[in-house]
Amino acid sequence: MKRNPPRLGVLLAFEGIDQSGKKTLSALLMERFRELGIQGERISFPDYTTPIGRELKFYLAGERDYPPQTRHLLFAANRWERKRDIESWLQRGKVVLANRYLASGVAYGMAHGLEKDWLWNLEEGLPKPDQTFLIDIPPQVSFARKMKERDLYEEQTDLLKRAREAYLDLASEGNWEVLDGTREVESVFGDLYSRVREVLSSRGYEITPSPRIHP
Ligand code: TMP
């Protein structure tokens with residue numbers, strides 16, 4: 001059996017439906033890492049800069065029509081396109097923050113009626129997150145936060161409802177941290193940061209306020 005290379009860094013995944021605050025929270029976390037001298041990298045999926053990412057952009061703009069399996073293969077392939085980068089950051093001991101990752105593929109795939117096991121199989125072999133955070137909000141809050149210029153998926157309340165349900169189902173099976181994303185960002189960040197501290201401390205990172213470079 002082929003094994004993934006050993007790694008020193010930590011991979012944290014941020015999940016949630018659109019407008020849940022994933023990007024804001026991971027940006028705040030990167031800022032905190034900078035203050036602490038921890039080396040971090042942030043990556044978002046879909047990554048629209050890759051060839052498959054560009055295709056996904058067309059799809060999400062309503063300019064392509066794919067059967068459900070094809071588009072979910074593309075979403076997963078887009079993560080495989082960045083596998084080597086993620087592994088290399090981890091091998092260099094960095095803390096990698098992923099805005100959407102494996103679980104987005106599974107939750108949105110399930111929301112489209114695809115089978116959970118089939119979807120997880122597409123992700124098998126990619127670096128696994130050390131901790132997944134679900135920033136949980138109901139679809140009404142997503143709509144209230146962004147009323148215009150919503151993409152193909154963002155427009156569909158039912159889809160968001162099913163994606164949220166799928167996320168909660170996955171969270172109950174895995175060791176995820178579920179945060180109530182309807183609160184003020186400072187409050188969500190406070191809870192997020194205390195869990196991140198625990199994860200990093202358990203992996204030997206020294207979290208001191210004085211700037212230092214890890215490792
Ligand atoms: P974004 O708004 O975070 O850029 O994501 C675009 C949409 O793509 C969002 O509605 C969620 C969806 N999506 C999937 O369906 N599967 C995936 O694997 C990923 C990463 C995103």
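What you are looking at is a predicted structure, and each value in this text was computed from that prediction instead of being measured. Both ligands and their constituent atoms are indexed starting at 1 by order of listing.
Geometric assessment of Lys57 against the ring of Tyr48 yields a positive cation-pi assignment under the 6.0 Å and 45° thresholds.
Between the side chains of Arg54 and Thr50, no donor N or O sits under 3.5 Å from an acceptor N or O.
Any N or O atom pair closer than 3.5 Å counts here, and Gly105 shares at least one such pair with ligand 1. Residue Tyr48 places at least one N or O, backbone or side chain, under 3.5 Å from an N or O of ligand 1.
Per-residue contacts place Tyr108 under 4.0 angstrom from the following atoms of ligand 1 (heavy atoms of the residue considered): 10 (O), 11 (C), 14 (C), 15 (O). The ligand atoms of ligand 1 that sit less than 4.0 angstrom from a heavy atom of Phe45 are 20 (C).
Checked options Asp158, Asp136, Asp169; the residue passing with Arg164 is Asp136 (criterion: salt bridge (charged side-chain N to carboxylate O under 4.0 Å, His left out)).
Contact analysis leaves Arg71 out of contact with ligand 1, as no non-hydrogen atom separation drops below 4.0 angstrom.
Looking at Asn78 against ligand 1, nothing comes within 4.0 Å, counting heavy atoms. Residue contacts with ligand 1 for Asn99 are absent, since no atom lies close enough (heavy atoms, distance under 4.0 Å).
Ion pair Glu87/Arg82 not flagged as a salt bridge, since none of the NZ, NE, NH1 or NH2 atoms sits closer than 4.0 Å to an Asp/Glu carboxylate oxygen.
Residue Arg100 holds its CZ atom at 8.5 Å from CZ of Phe75, rounded to the nearest 0.5 Å.
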| request: Mind running salt bridge (Lys or Arg N to Asp or Glu O under 4.0 Å) on Arg203 and Asp130 for me, showing each step along the way? | output: CA-CA 10 Å; Arg203 297 293 298 276; Asp130 293 281; 2.5 Å; yes

